[in-house]
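In what follows, a structure is listed as structure tokens, so that the remarks can point back to it.
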Amino acid sequence: MANHLSSKKRIRHNARRAEFNEARRSRVHTFTRKFESALSSGDKAEATAAFRTAESEIMRAVTKGVLHRNTAARKVSRLAARVKAMA
């Protein structure tokens with residue numbers, strides 16, 4: 001257990017940040033799942049629209065510090081390849 005006031009505050013702060021980060025990560029997963037369902041439906045226009053929103057959400061997670069930029073780039077690249085393979 002922390003003894004210093006600053007370390008107690010740091011524990012509270014970290015818990016709060018973890019909640020925010022969990023929510024942001026969850027949004028990324030949600031939009032990725034929506035993309036997956038759009039892809040499986042076979043409609044290219046719907047899949048492209050879902051890809052755009054998923055890409056936007058992934059990049060937003062990067063700016064918020066939830067994902068590393070290379071991880072996000074890899075995820076977006078794989079999603080884009082799947083949209084391209086649809087044609």
Side-chain angles (χ1 to χ4, degrees):
M1 184 62 200
N3 292 320
H4 293 282
L5 195 61
S6 60
S7 53
K8 289 180 182 179
K9 180 180 177 180
R10 179 53 61 188
I11 289 170
R12 291 194 309 270
H13 182 77
N14 287 344
R16 212 163 40 239
R17 299 315 305 164
E19 284 181 29
F20 289 135
N21 290 341
E22 182 182 356
R24 289 180 181 127
R25 209 171 294 116
S26 176
R27 281 180 62 88
V28 169
H29 292 316
T30 299
F31 282 99
T32 306
R33 278 195 302 270
K34 285 181 182 178
F35 170 76
E36 294 287 343
S37 65
L39 201 66
S40 63
S41 74
D43 184 13
K44 184 163 173 115
E46 184 184 345
T48 305
F51 168 70
R52 282 201 188 106
T53 56
E55 179 187 18
S56 170
E57 200 58 45
I58 290 170
M59 289 308 170
R60 185 167 183 223
V62 171
T63 61
K64 301 295 183 184
V66 177
L67 291 177
H68 191 273
R69 60 190 166 95
N70 291 348
T71 304
R74 183 179 67 242
K75 287 179 183 293
V76 169
S77 174
R78 287 177 181 170
L79 295 181
R82 293 181 67 188
V83 169
K84 187 176 179 183
M86 215 175 161

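Keep in mind the model is a prediction, meaning the values are calculated, not measured. Computation of the quantities below employed the complete heavy-atom set of this structure, encompassing side-chain atoms and omitting hydrogens, waters and symmetry-equivalent molecules.
Phe31 and Val66 fall into different hydrophobic clusters, where Ile, Leu, Val, Met, Phe, Trp and Tyr side chains are chained together by heavy-atom contacts under 4.5 Å.
The structure places CD1 of Ile58 at 4.5 Å from OG1 of Thr32, a figure rounded to the nearest 0.5 Å. Distance CG/Asn21 to CG/Asn14: 10.0 Å, rounded to 0.5 Å. Rounding to the nearest 0.5 Å gives a distance of 9.0 Å between CZ of Arg17 and NZ of Lys64. Annotation: the span from Leu67 atom CG to Arg25 atom CZ amounts to 7.5 Å, rounded to 0.5 Å. Atom CZ of Arg12 sits about 10.0 Å away from atom OG of Ser7, to the nearest 0.5 Å.
Across all their heavy atoms, Lys8 and Ala2 have their closest contact at CE-O, 3.3 Å. Of all the heavy atoms in Ala50 and Lys34, the pair that sits closest is CB-O, 4.3 Å. When every heavy atom of Val83 is checked against every heavy atom of Ala47, the shortest pair comes out as CG2-O, 4.4 Å. The heavy-atom pair separating Val76 from Phe51 by the smallest distance is O-CE1, 3.7 Å.
Sorted by first and then second residue, the pairs that involve residues 76-87 and meet side-chain hydrogen bond (donor to acceptor under 3.5 Å, both in side chains), not counting sequence neighbours, are Glu36-Arg82. Applying the side-chain hydrogen bond (donor to acceptor under 3.5 Å, both in side chains) rule to pairs touching residues 49-63 yields Arg27-Glu57, sequence neighbours excluded.
At distances below 3.5 Å, not a single donor-acceptor pair connects side-chain atoms of Ser26 with backbone N or O atoms of Glu22. The main-chain N or O of Ser6 is never found under 3.5 Å from a side-chain atom of His4 such that the two would form a donor-acceptor pair.
Here the side chains of Lys44 and Thr48 are in contact, with some heavy-atom distance below 4.5 Å.
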